[in-house]
Amino acid sequence: MALAFDEFGRPFVIIKEQDQKVRLRGLDAQKANIAAGMAVSRILRTSLGPKGMDKMLQSPDGDVTITNDGATILEQMDVDNQIAKLLVELSRSQDYEIGDGTTGVVVLAGALLEQAQKQLERGIHPIRVAEGYETASRIAVEHLEKIAQKFDFGVNNIEPLVQTCMTTLSSKIVNRCKRSLAEIAVKAVLAVADLERKDVNLDLIKVDGKVGGKLEDTELIYGIVVDKEMSHPQMPKQIEDAKIAILTCPFEPPKPKTKHKVDIDTVEKFQTLRKQEQQYFDDMVQKCKDVGATLVICQWGFDDEANHLLMHRNLPAVRWVGGVELELIAIATGGRIVPRFQELTSEKLGKAGLVREKGFGTTKDKMLYVEHCANSRAVTIFIRGGNKMMIEETKRSIHDALCVARNLIRNNSIVYGGGSSEISCSISVEAAADRYPGVEQYAIRAFADALDSVPMALAENSGLQPIETLSAVKSQQIKENNPYCGIDCNDAGTNDMRDQNVFETLIGKQQQILLATQVVKMILKIDDVISPSEY
Amino acid sequence: MAAENIFKGEAMEEKGERARLASLIGGMAIADLVKTTLGPKGMDKILQSTGRGHEVTVTNDGATILKSLHIDNPAAKILVDISKVQDDEVGDGTTTVAVLAGELLREAEKLLAAKIHPITIIAGFRMAAECALNALLQKVVDNKENEEKFKADLMKIARTTLSSKILSQDKEYFAKLAVDAVMRLKGSTDLEAIQIIKKPGGSLTDSFLDEGFILDKKIGVGQPKRIENAKILVANTAMDTDKVKIYGARVRVDSMSRVAEIEAAEKQKMKEKVDKIIAHGINCFVNRQLIYNFPEELFANAGVLAIEHADFDGIERLALVTGGEIASTFDNPESVKLGHCKLIEEIMIGEDKLIHFSGVEMGQACTIVLRGASHHVLDEAERSLHDALCVLSQTVNDSRVLLGGGWPEMVMAKEVDELARVTPGKKSHAIEAFSRALVAIPTIIADNAGLDSAELVAQLRAEHYKEGCTAGIDAISGSIGDMVELGISEAFKVKQAILLSATEAAEMILRVDEIITSAPRRREDRM
């Protein structure tokens with residue numbers, strides 16, 4: 001590392017332990033960063049599209065994950081490089097914001113970096129490249145707006161929503177029954193959606209899975225499924241028209257938070273204390289009984305005695321129910337969570353048409369179904385599948401589909417998929433480039449080229465000739481002035497994505513372009529990397 | 001430019017062909033490992049644990065073998081997982097599912113070498129699996145209506161399942177045992193109600209099914225050893241000192257006499273509790289927790305049989321069979337449901353004393369007592385019996401039945417072959433491969449029996465082109481046999497689960513084109 005010396009030949013030490021750090025600066029830094037970014041995007045590139053492949057990830061503890069979801073792959077990849085970490089962040093923010101397109105965004109960022117490298121080699125200043133990208137991304141986003149279409153859907157017409165979810169699911173391993181899963185996802189979202197405010201709270205949808213059975217057995221339950229069983233083996237397994245008391249206080253003698261002592265020094269005290277104790281349990285159960293509850297769901301445990309008393313008084317109960325599940329049950333049944341027995345009133349009880357316990361397979365596993373709720377605003381998607389990895393991957397895929405459906409309810413604009421919108425944007429950006437004087441023009445053109453790389457990857461993964469296919473589709477788009485031509489990944493025989501029913505949400509696509517551009521800009525602006533050297 | 005290393009230190013990345021190869025080989029290795037245990041003449045494996053004592057397990061059960069392996073290959077882990085799920089879901093076919101998945105991968109490897117894209121192979125496999133399932137559905141026999149035939153079906157299934165296990169010598173006997181036990185459940189799949197007690201000694205044929213319930217406990221000293229028309233209170237309560245549960249309570253005394261007083265009060269409390277329990281009008285008291293000497297003595301005085309420390313399962317089962325409820329408080333004796341049984345007595349099996357409850361109210365539960373020469377034999381016998389019970393209980397719910405001995409595989413293979421012929425495009429190769437993988441199962445069964453598999457399978461295939469064929473491999477006589485006559489049957493549910501999970505697993509492994517292995521978590525050196 002180059003060091004500066006003063007007139008006596010002593011080096012200036014600016015950075016702590018300067019000589020132990022590796023420092024890359026100038027063009028070298030940018031090139032190294034770009035290479036790292038591209039390496040990450042290259043890993044994800046083969047996962048894009050309906051014929052994309054999966055990745056197998058082995059965690060430090062030896063657990064295996066098989067997935068196609070960009071965000072999951074990157075998160076579990078155990079990345080060390082700083083720039084690679086930025087891309088991981090990028091994919092994650094797409095996941096939080098949109099939920100789908102996590103692979104696409106990284107592939108796009110990688111392509112932008114690749115193009116940027118060419119511009120840098122030409123001697124264009126990185127900042128100019130970044131600015132050009134910025135302009136280009138604006139053009140692209142505006143263009144997307146133009147080619148976007150609105151469609152109508154209602155509670156009775158869910159077909160368009162199902163179609164969009166199917167596009168999302170078709171790239172996952174679950175594409176075998178994408179139709180039924182898409183329907184499940186859409187119905188779940190519509191069940192919890194607030195159509196007036198155009199908002200969906202995905203927290204109300206619980207996605208739960210259990211190994212065994214087959215994927216086709218996956219079902220949507222208008223209610224809650226809890227991985228718990230009745231606290232006493234002899235309690236009834238099925239309760240109709242249940243009135244549920246939802247408690248967050250344990251069926252145990254109270255434990256005041258302030259420190260205290262009860263001293264027993266006489267026999268009388270000992271006996272009164274004992275009486276008191278029995279009274280506690282009796283009172284608790286009586287309280288629940290008095291308000292008319294027929295089922296008690298409790299966040300905490302029960303004492304053996306309390307348990308028996310509940311059983312004895314014919315009051316079924318469930319213990320150790322998690323906080324989140326408790327909340328969902330409260331929402332679904334329209335009950336209130338009661339923190340103290342004294343506050344239990346009959347208005348605070350939740351109502352459910354049917355509560356039943358269901359066993360699975362040959363093991364003792366049991367789950368509790370709360371169905372026909374007063375307010376079916378909370379639903380559960382219950383996944384079955386051949387093995388653990390399958391269930392996990394299905395969960396992720398369903399999550400993606402749910403996000404897509406939610407986005408459509410928020411904003412019902414769609415663009416067509418299969419790379420058609422990218423190609424169309426690329427054409428319009430290319431055309432706009434000529435109108436910009438100055439160096440940015442090159443960067444804008446480079447942006448257009450980068451956009452092409454998404455359909456190119458799609459074609460490559462589908463086993464088509466990438467360049468040939470892309471140029472054919474591109475010329476078709478210009479000739480027919482039809483922005484809906486894309487890559488025919490499924491050998492359906494047509495390029496028109498309207499016929500293939502492949503769409504994506506507008507916000508998802510826009511977000512992809514904006515996020516990818518932002519990250520690339522950030523990477524380009526770095527000209528000095530200081531990292532501790534290996535020791 | 002040289003590729004930047006973007007991973008942490010020891011993380012590994014394998015791409016494309018190499019990754020695929022690694023996972024295919026992993027999958028096949030697992031299949032080969034358990035392959036030899038398949039079929040009526042399959043061999044067993046010895047597993048030695050790494051734990052203290054290097055305990056040895058001898059088994060033929062695929063799930064047990066795979067569960068105990070330490071595997072590093074991620075694809076192999078998937079096969080282990082499907083085998084485990086098969087065990088949880090239907091109980092049997094745990095070896096077959098791993099072998100079928102392995103064979104599918106082996107066929108897929110050949111196709112990959114012929115430059116067919118994995119996604120195309122998957123598409124073909126899917127079509128083939130669907131077609132195979134439909135073929136099975138057409139051939140299933142459902143004897144639900146006819147009870148006698150249904151019972152015969154159950155017997156056949158039990159015999160078939162047991163024939164590949166250690167119990168095969170006495171399969172007739174055990175099949176009857178298992179069917180009787182399952183029929184008692186009356187359609188419930190809750191195998192908890194069937195209790196299996198293992199006692200070394202005697203021979204396997206000394207095993208028996210008992211209608212009542214046997215608790216592996218001793219009767220307290222000085223208490224009656226035999227009670228007729230017992231009234232049983234099943235409880236889960238502390239019978240030691242019964243601590244004060246109010247938080248923060250503590251005993252503080254200032255003199256020795258006070259200590260004695262408190263002690264007396266405690267004793268009094270215990271006595272009251274016992275009195276309350278006796279006030280239920282019982283003559284047998286079973287508690288999940290310990291019963292200390294003092295209350296035990298009180299019970300003995302009252303002529304009540306007290307059994308302590310029955311484990312939780314035992315308590316639950318006992319409550320189930322006697323129809324009582326598990327009690328923890330004893331203040332309202334009139335409303336506590338007591339359990340009843342005709343006779344409680346102490347019996348001897350081998351050298352151990354057990355408590356036998358006979359003439360119980362609910363006939364659902366029963367006990368199977370297994371006898372055998374050694375622990376290993378008993379363990380394996382229990383696993384085999386468990387498999388049979390699982391399959392039977394599932395069959396009671398889904399009464400569709402198929403023939404066994406490689407018959408379903410050949411039926412599926414035939415239909416899949418037909419499909420391959422009418423399917424245009426590259427997919428047909430994959431479909432054909434699927435049928436080859438199916439045929440591999442009877443081939444392996446024949447190989448394991450030391451037969452000329454090539455000859456037998458070819459004969460079998462020819463047989464199956466005749467209408468209404470019922471031919472399968474008769475591993476005992478070493479030829480093609482009529483499966484109806486031989487009475488070899490399998491449950492449809494098992495076959496279906498095998499087909500679906502094996503295809504699913506193969507599909508999953510094939511879709512992978514990159515393996516990223518994180519650096520193993522470093523263990524802290526505790527030296």
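Just so it is clear: chains get the letters A, B, ... in the order the sequence lines come, proteins before strands, and each one is counted from 1. What's counted below: heavy atoms across the whole structure, side chains too, no hydrogens, waters or symmetry copies.
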Within 6.0 angstrom of K388(A) NZ, more than 12 heavy atoms from elsewhere: no
Segment of Q76(A) engaging chain B (4.5 angstrom heavy-atom cut-off): backbone
Proximal component of I515(B), with respect to chain A [non-hydrogen, under 4.5 Å]: both
More than 12 heavy atoms of other groups within 6.0 Å of E130(B) CD: no
Side chain / backbone / both / neither for N461(A) at chain B, heavy atoms under 4.5 Å: backbone
Proximity breakdown for L389(B) and chain A, heavy-atom pairs closer than 4.5 Å: neither
Side chain to side chain, N68(A) and R511(B), heavy atoms closer than 4.5 Å: yes
Pairs of heavy atoms under 4.5 Å with chain A: top-ranked of M508(B), K77(B), H117(B): M508(B)
Chain A contact via A264(B) - which portion, at a heavy-atom distance below 4.5 Å: neither
Check: I516(B) and I43(A) side chains under 4.5 Å, non-hydrogen atoms: yes
Nearest atoms (heavy-atom pairs only) where I119(B) meets G52(A): CD1-O, 4.0 Å
Close side-chain approach of D54(A) and D513(B), heavy atoms under 4.5 Å: no
Shortest non-hydrogen contact from K55(A) toward E514(B): CD-CB, 3.3 Å
Between CD on residue Q58(A) and CG on residue N73(B), distance to nearest 0.5 Å: 8.0 Å
Within 6.0 angstrom of K426(B) NZ, more than 12 heavy atoms from elsewhere: no
Heavy-atom pair with the smallest gap, counting every atom of M56(A) and P74(B): SD-CB, 3.0 Å
